[in-house]
Amino acid sequence: MCGVVGIVGNQPVNQALYDGLTMLQHRGQDAAGIMTIDGHSLRLRKGNGLVRDVFHTRHMRRLSGNIGIGHVRYPTAGSSSSAEAQPFYVNSPFGIAMAHNGNLTNADDLQKSLFEVAKRHINTSSDSEILLNIFAHELLSRDQLHLDADDIFASIGRVHQQVKGAYAVVTMIIGHGLVAFRDPWGIRPLALGKRETPQGTEYMVASESVAIDGTGFNYVRDVEPGEALYITEDGQLFSRQCAEKPVHCPCIFEYVYFARPDSFLDGISVYASRINMGKKLGKKIQEQFSHLDIDVVIPIPETACDIALEISRELSIPYRQGFVKNRYIGRTFIMPGQTQRRKSVRRKLNAIGAEFRDKNVLLVDDSIVRGTTSEQIIEMAREAGAKKVFFASAAPEIRFPNVYGIDMPSANELIGYGREADEIGQIIKADALIYQDLEDLIASVQEENPAVKQFETSVFSGQYVTGDINQSYLDRLHAARNDSARDANEQDESNLELYNEGD
């Protein structure tokens, strides 16, 4: 999962890009990058680390220009090499930079075709570089000294015809402006904002509406599945549907875990959808697990806090903050490598003994992926004096890997793979384990925007909406994502030099 932002302004955009990326930091803590257009030159700064650590005053001063894009990243193929930090750049045609959130499911075939047909070399293992080169090749095929909106939209249409998977993209073309587009399924989110200044209208696109609101822009709408936006250097906005048969199918895991609660994605309040999850899960506990003698409901901070509060209301059982979170430890789910995740759990959370001692506790989390974190948290609750520890997940069993940009592990590393709730509960040592039903999860999100008729739910159902995923693909994914492969990648970083202007 990654976060992208792009701005066309009437004044330098470096600070607004920086601010937007800090508001998308939850989407990736591995690397960050900003690139701006300054006249006929591109200014770039990118590197591994948090936004605040990658960009210093000297870097911000050099990121001049009124058009720019930014990216926050966490690795989606097991590598955290700095060579894969975005944005990426190609010099032909014109000079193009791109930042991408998602995952291309036919990346290998595309890379082979790029080399054989377009004679283009891909320098990293990132599918974002592949996507950039496909877009650049299609623009080059127009054979125009200057591109207009029709040329750009026609090129994006051909990108849609070739590329499979999920992608939300912001890109810049020197001498032209900013382009943004979304895959025909709308799996990954992308929103448009604008603001009026004395000099004219400024535009912004971002992965989540919170980045738009927080930088002083006004949220306008979401980019439609398959739609492309072209914003010229002088602020003219063009939009067009570039896909032949778009289907709106956003990723439901955005609402469960990834997105900030103060964001709206595809017209759906993330906060409200999580409240609905809590209501439905609370009713299930009330109807099917009334025999549990629960004394207190405690969330695993922070995503599950709103969900747990609603469960406590449904059950009329006290809600307590039983864990104190160290806010300087990153989100363990998106940390590269199982060893690093394991070490982070106890540094991240500390139990308040008085809330656990001699009580039957219901712990609530947004989801259970590998189960190792859940097991450690349950152990912490027992060490703090809990008599019994029950565990509730706001999401159903995660049984299948994600292929659309969320770096979930391979299937056999998912605790839900091939197991039922009772067996999973025994593994994580819970006295009872309660999962949300998939139908209730879908209803919780859909309730906020009934116009969205379906969601991408493959991690729960194993049904991949793009229709191109087979066992061979999943086997290759396993080879790239299993923890032994991750550990090898962490010990064998690329020797490629990362270009950072002015570093």
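In this structure, E420 pairs ionically with R399, as a charged nitrogen and a carboxylate oxygen lie closer than 4.0 Å. Using a cut-off of 4.0 Å between Lys/Arg side-chain N and Asp/Glu carboxylate O, K284 and E314 are scored as not salt-bridged. Under 4.0 Å is where a charged nitrogen must lie from a carboxylate oxygen, and between E375 and K429 at least one such pair does. Classification of R158 and E138 as a salt-bridged pair holds, one side-chain N sitting under 4.0 Å from a carboxylate O. A salt bridge is defined here as a Lys NZ or Arg NE, NH1 or NH2 lying under 4.0 Å from an Asp or Glu carboxylate O, and E447 with K279 fails to meet this definition. The pair R419-E397 fails the salt-bridge criterion, with no side-chain N (NZ, NE, NH1 or NH2) lying under 4.0 Å from an Asp/Glu carboxylate O.
Inspection of the H26 and Y257 side chains reveals no N or O donor paired with an N or O acceptor under 3.5 Å. If you check the side chains of Q86 and S128, you find a donor sitting under 3.5 Å from an acceptor.
Applying the ring pair (Phe, Tyr, Trp, His ring centres under 6.0 Å) test to Y255 and every residue at least two apart in sequence or in another chain returns nothing. The side-chain contact (heavy atoms from CB on, under 4.5 Å) check on S472 picks up N470, R476, with sequence neighbours excluded. By the side-chain hydrogen bond (donor to acceptor under 3.5 Å, both in side chains) test, Y404 pairs with T466, sequence neighbours left out.
Proximity of a side-chain donor or acceptor of N106 to a complementary backbone N or O of D109 within less than 3.5 Å is not detected. Between the side chain of S374 and the backbone N or O of I428 there is no donor-acceptor pair closer than 3.5 Å.
The aromatic ring centroids of F356 and F323 lie less than 6.0 Å from each other.
Shown are V256, I252, D266, L265; of these, the side chain to side chain contact (heavy atoms under 4.5 Å, CB included) with V445 is made only by I252. Each of I317, L362, V297 was compared with I285 under the side chain to side chain contact (heavy atoms under 4.5 Å, CB included) criterion, and only L362 meets it.
Using cut-offs of 30° and 60° on the angle between ring planes, the pair Y167 and F181 is perpendicular.
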